[in-house]
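A quick write-up on the structure given underneath.
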There are 2 protein chains.
Amino acid sequence: MPMTPSPSAHRDIPAATVSRLPTYLRALHSAAARGITTVSSGQLASAAGVLPTQLRKDLSHLGSHGVRGVGYNVARLITEIARALGLGRAWPVAIVGMGNLGRALAAYSGFGTEGFHVVAVLDRDPALVGEQVAGLTVRPIEDLPALVAELGIAIGVLATPSDGAQTAADALVAAGVEAILTFAPAALALPPHVSLRRVDLATELHVLAFLRASLSDLPDVGVAG
Amino acid sequence: MPMTPSPSAHRDIPAATVSRLPTYLRALHSAAARGITTVSSGQLASAAGVLPTQLRKDLSHLGSHGVRGVGYNVARLITEIARALGLGRAWPVAIVGMGNLGRALAAYSGFGTEGFHVVAVLDRDPALVGEQVAGLTVRPIEDLPALVAELGIAIGVLATPSDGAQTAADALVAAGVEAILTFAPAALALPPHVSLRRVDLATELHVLAFLRASLSDLPDVGVAG
DNA sequence: GAATGTGAACTCCTTCACAGCA
DNA sequence: TGCTGTGAAGGAGTTCACATTC
């Protein structure tokens, strides 16, 4: 799991815990929407797909205080996790690369409900610049510094082909963006202060294929024809 | 990192190693395309964004034999990794959910070059059934058993909203699919023999926002206005 | 009685140090 | 001399057992 190795001031919450907090938050929101005000670690854990001990250990890192014999107050836990994750305001996001994936991401409604807001879409191809995508006008890469300064863009999403990924990443960093999520299956060289996460679709499929193959060790697909 | 916890017959290659092999494979293909026939662990590791010791340890799990003092034969290493990953044939993939993301995935050219082939696209919405997406006709969920049997579909990709994810997953499992990649931010209950990977875009952004916030502990975005 | 919070054991992964070989 | 392969050390994360509190 690619993550910038250097930064040490993670507010002393382990990286593995941070990566599970959003899931807990979603489960809590869903519970709150159903009128539930108190949950036990067992209930919340099963909704999130983890073990109860895992959940309690995770929550203990935020110093969160449930009530013994009772459980956690849903509203309070939502507040605490949101604060731990640095939410409470909408983070402005820029997406670079307006191919199929970039367009889909720009239109993805999930971001908005989770505290993120796509405020800029860019592409290096002049033929795409000026086009409308998800209610935004596609801008050229050269506009990045101005857009970052103007809109306070904090996170850049790379949806370019592998070739252009490093160049686009350099442009983001030069413009002052310090957090990048890339979908390009390429190794990126970045300054140590820039946080990087990579989502690699082909790798996920490869891992699945491996698991699948190691289960049924048949050369043929396990479907009786 | 969501992965089915049960299966033990991973061909004794650690999960963490498996998740890096595809990256090595890409770097090797790229090297081969440039006419390079031998690489050292240092060269390959920097192309893949890992440490040389990590790479050598990983390769040692496949019993791979490089040549001391020289390095690895590119062609041979490609063959060994491909075999370890169970490649060598194109895995047929079905994508369920033809919203923005599903369409983008169906059109994603990366899959084809990596040993995967999107052979079916489905949606539960009758209004979408029959439409053409990436050269395929959208089929109803009910066609899954027939499609799996006919096309040997081994991997299902879920690009549905969270609501429909469990239902769609059940349909895939009932049709005989034993490996699922889901983009829906929901916990899925699946039989233990089914492998599951989850890609959660919102979670990735949350983690980035956390890292970003813990670096510059300003309430404001770190751009001098 | 019921459920949280946490030290301690355990498992997994990464990194180091260096032996082994061309 | 140069680079691979690997046992051993170190670190991170998960699970267990149980003391603690309502």
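Just so we're on the same page: letters track the sequence lines, and every chain starts at 1. Heavy atoms only: backbone and side chains are in, while hydrogens, waters and symmetry mates are out.
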### Summary
Its contact letters, B for base, S for sugar-phosphate only and - for none at protein heavy atoms under 4.0 Å, make nucleotides 1-6 of chain D read -BBBBS
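Listed by first then second residue, pairs satisfying salt bridge (charged side-chain N to carboxylate O under 4.0 Å, His left out) with a partner in residues 27-47 of chain A number zero, not counting sequence neighbours. Listed by first and then second residue, the salt bridge (charged side-chain N to carboxylate O under 4.0 Å, His left out) pairs that reach into residues 95-105 of chain B are B:R103-B:E131, sequence neighbours excluded. Residue pairs meeting the salt bridge (charged side-chain N to carboxylate O under 4.0 Å, His left out) criterion with at least one partner in residues 51-76 of chain A, sequence neighbours excluded, are A:R20-A:D58, A:R76-A:E80.
In this structure a side-chain-to-backbone donor-acceptor pair under 3.5 Å is missing from A:E114 to B:H206.
Residues B:V199 and B:T182 form no side-chain contact, since every pair of their non-hydrogen atoms from C-beta on lies 4.5 Å or further apart.
Using a cut-off of 4.0 Å between Lys/Arg side-chain N and Asp/Glu carboxylate O, B:D200 and A:R26 are scored as salt-bridged.
Every residue two or more places apart in sequence or in another chain was checked for a side chain to side chain donor-acceptor pair (under 3.5 Å) with A:N73, and none qualifies.
Reading DNA chain C from its 5' end, the first and the last nucleotide to sit under 4.0 Å from a heavy atom of chain B are C:dC13 to C:dA22.
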